[in-house]
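Below you'll find the structure, written out as structure tokens, and then a few comments.
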Protein chains: 2
Amino acid sequence: MTLTNANDTPASLMIIDDHPLLRRGVIQLLELEDDLELVGETGDPEEGIALALKLEPDLVLLDLNMPGINGLEALRRLREANYSGRVVMFTVSDHEDDVVAALHNGADGYLLKDMEPEDMVRQLRQAALGRMVISESLTALLAEALRNQRNAPTTPDVHSLTQREREILQQLAGGLSNKLIARKLDITEGTVKVHVKHLLKKLNLRSRVEAAVWAVQAGIDH
Amino acid sequence: MTLTNANDTPASLMIIDDHPLLRRGVIQLLELEDDLELVGETGDPEEGIALALKLEPDLVLLDLNMPGINGLEALRRLREANYSGRVVMFTVSDHEDDVVAALHNGADGYLLKDMEPEDMVRQLRQAALGRMVISESLTALLAEALRNQRNAPTTPDVHSLTQREREILQQLAGGLSNKLIARKLDITEGTVKVHVKHLLKKLNLRSRVEAAVWAVQAGIDH
DNA sequence: CGAGGGCTATTACTTAAGGGATAGCCAGCC
DNA sequence: GGCTGGCTATCCCTTAAGTAATAGCCCTCG
């Protein structure tokens, strides 16, 4: 669909980050590169999502820690709305859970804010070309996370779920029974069972307990 | 059958309060709501406990200040008898001690009698769905109580569990069924069930899913 | 327009989970 | 020695969970 050859048209980028100074820094950095063009910037996650869907940039640089909607939620919302460009998380957090959750939720990269500007540009260029980029300092951590995944042959993926199935999963992860979920969502228990069956199959899980645990660990709940 | 509410089983409620007039008021209020059904009412605490255990309503509305057994004692007796539905305290007392004591003893809500009928219905509906409800005027008081919290006996605590129960909980939080846990620990499935039953009671939880979620969030797993 | 997907619902069935009760065995403790 | 608590086990019973198949309704996409 979009360019794989950067010399003709520059790759379009967007940044969503609630720190104005940091945004300014990135803007300045990108101005020096004629193959990377910043087409949008905002500090408001909601606005950022709308903007990304409107501008359809090749790449969205997304802060993980923001007031209101956090980055993870924003990422989910973007994917839900079928935004098909690259999303690279941009954060100070090097916690394993955050990295893993981001990648599980469809992030195409995870860059730390303390990286060198030259590295940053290089990584963004790679990301715009479709390559997954991860800050080098996270590789050890990532390896650890992968090792802990030995029980999951096929990594479950939220994206395969429908909106309704995600809703059911969230309620389920809150410990609710089918009956209570049914009452809460105003549908019958039988229908809840159908949704649960479907989501278990899609996620390749064998029980609601596995689903609940996975949802909590991946940050799908709340 | 209506299209807006396809779930035709209303939540069942019971009221235990020694003021006949007030009961009458609640009864009238609930008659107007087709998703809330009053299945029992009494002014006698003893009778109320027996009735609750017999009818097993989804929710018991329990007066705090009653002659004979007071509401707090009634609450304890209900939980002791393994009544698993919701219990919402219903009272004129806004004393911090009463509120805290009720919540510590497993109440799922605390509503003041001076609330507006519309609010009442809304809150009861929420409570029947499994959400904790507290009169809005109590929130400040509650925040204070939380800050002053020194010892919370009903706060789920791993240390109240025996070594074996902790082991079972860990396996459970891994998504394993009773049968698999049994095989892994080389005991019978029946024994696993006994342990699960005990740990659920100790942690004041209602299902293995709640236990699993709690364990994961508290970091008890692996 | 027809096809497909998503959401809803229903019937029928099997298996898992949970509660109550009781009991044997073994350790540590007063 | 008796008592208690922890671990094991079993029987019985009810409810919850999960599977399978079928189907209607609505929306979207080609």
Using a 3.5 Å distance criterion without hydrogens, assess whether the side chain of [X] forms a donor-acceptor pair with backbone atoms of [Y].
{"X": "B:D58", "Y": "B:S12", "value": "yes"}
{"X": "B:Q28", "Y": "B:R24", "value": "no"}
{"X": "A:E165", "Y": "A:T162", "value": "yes"}
{"X": "B:Y110", "Y": "B:T91", "value": "no"}

All N/O donor-acceptor pairs, side-chain side in residues 172-182 of chain B, below 3.5 Å, sequence neighbours left out:
residue	atom	partner	partner atom	Å
B:S177	OG	B:L180	N	3.3
B:N178	OD1	B:R208	NH1	2.9
B:N178	OD1	B:R208	NH2	3.1

Check: Which atoms form the tightest heavy-atom contact between B:G71 and B:L62, and what is the distance?
Finding: O-CD2, 3.5 Å

Note to self: Can you list everything that forms a side chain to side chain contact (heavy atoms under 4.5 Å, CB included) with A:L51? Sequence neighbours excluded, please.
What the structure shows: A:M14, A:L55

Note to self: The criterion is side chain to side chain contact (heavy atoms under 4.5 Å, CB included); which residues satisfy it with B:Q163, sequence neighbours excluded?
What the structure shows: B:R166, B:E167

Check: Does a side-chain N or O from A:H195 land closer than 4.0 Å to OP1 or OP2 of C:dC7, or not?
Finding: no

Round to the nearest Å and state the distance from [X] atom [atom1] to [N] atom [atom2].
{"X": "A:I187", "N": "C:dA9", "atom1": "CD1", "atom2": "C1'", "value": "10 Å"}
{"X": "A:L199", "N": "D:dA17", "atom1": "CG", "atom2": "C1'", "value": "13 Å"}
{"X": "A:I168", "N": "C:dC7", "atom1": "CD1", "atom2": "P", "value": "9 Å"}
{"X": "A:E167", "N": "C:dC7", "atom1": "CD", "atom2": "C1'", "value": "11 Å"}

Hey, what are the protein-to-nucleotides 22-27 of chain D N/O distances that come in under 3.5 Å?
none

Notebook entry, point to check: Salt-bridged, A:D35 to A:R125, with N to O below 4.0 Å?
Noted result: yes

Notebook entry, point to check: So which of B:V87, B:V60, B:D63 actually passes side chain to side chain contact (heavy atoms under 4.5 Å, CB included) with B:I16?
Noted result: B:V60

Is there any protein nitrogen or oxygen under 3.5 Å from a nitrogen or oxygen in nucleotides 16-20 of chain C, and what are the pairs?
residue	atom	partner	partner atom	Å
C:dA17	OP2	B:N178	N	3.2
C:dA17	N7	B:K193	NZ	3.1
C:dG18	OP1	B:R208	N	2.7
C:dG18	OP2	B:R208	NH1	2.8
C:dG18	N7	B:K193	NZ	3.2
C:dG18	O6	B:K193	NZ	3.1
C:dG20	OP2	B:N82	ND2	2.6
C:dG20	N7	B:K197	NZ	2.7

Next item on the list: Quick one: do B:E37 and B:L30 satisfy side-chain contact (heavy atoms from CB on, under 4.5 Å)? Show the steps, please.
Entry: CA-CA 7 Å; B:E37 184 188 7; B:L30 293 180; over 6 Å; no

For nucleotides 4-6 of chain C, give me every protein contact, N/O to N/O, under 3.5 Å, one pair per line with atom names.
none

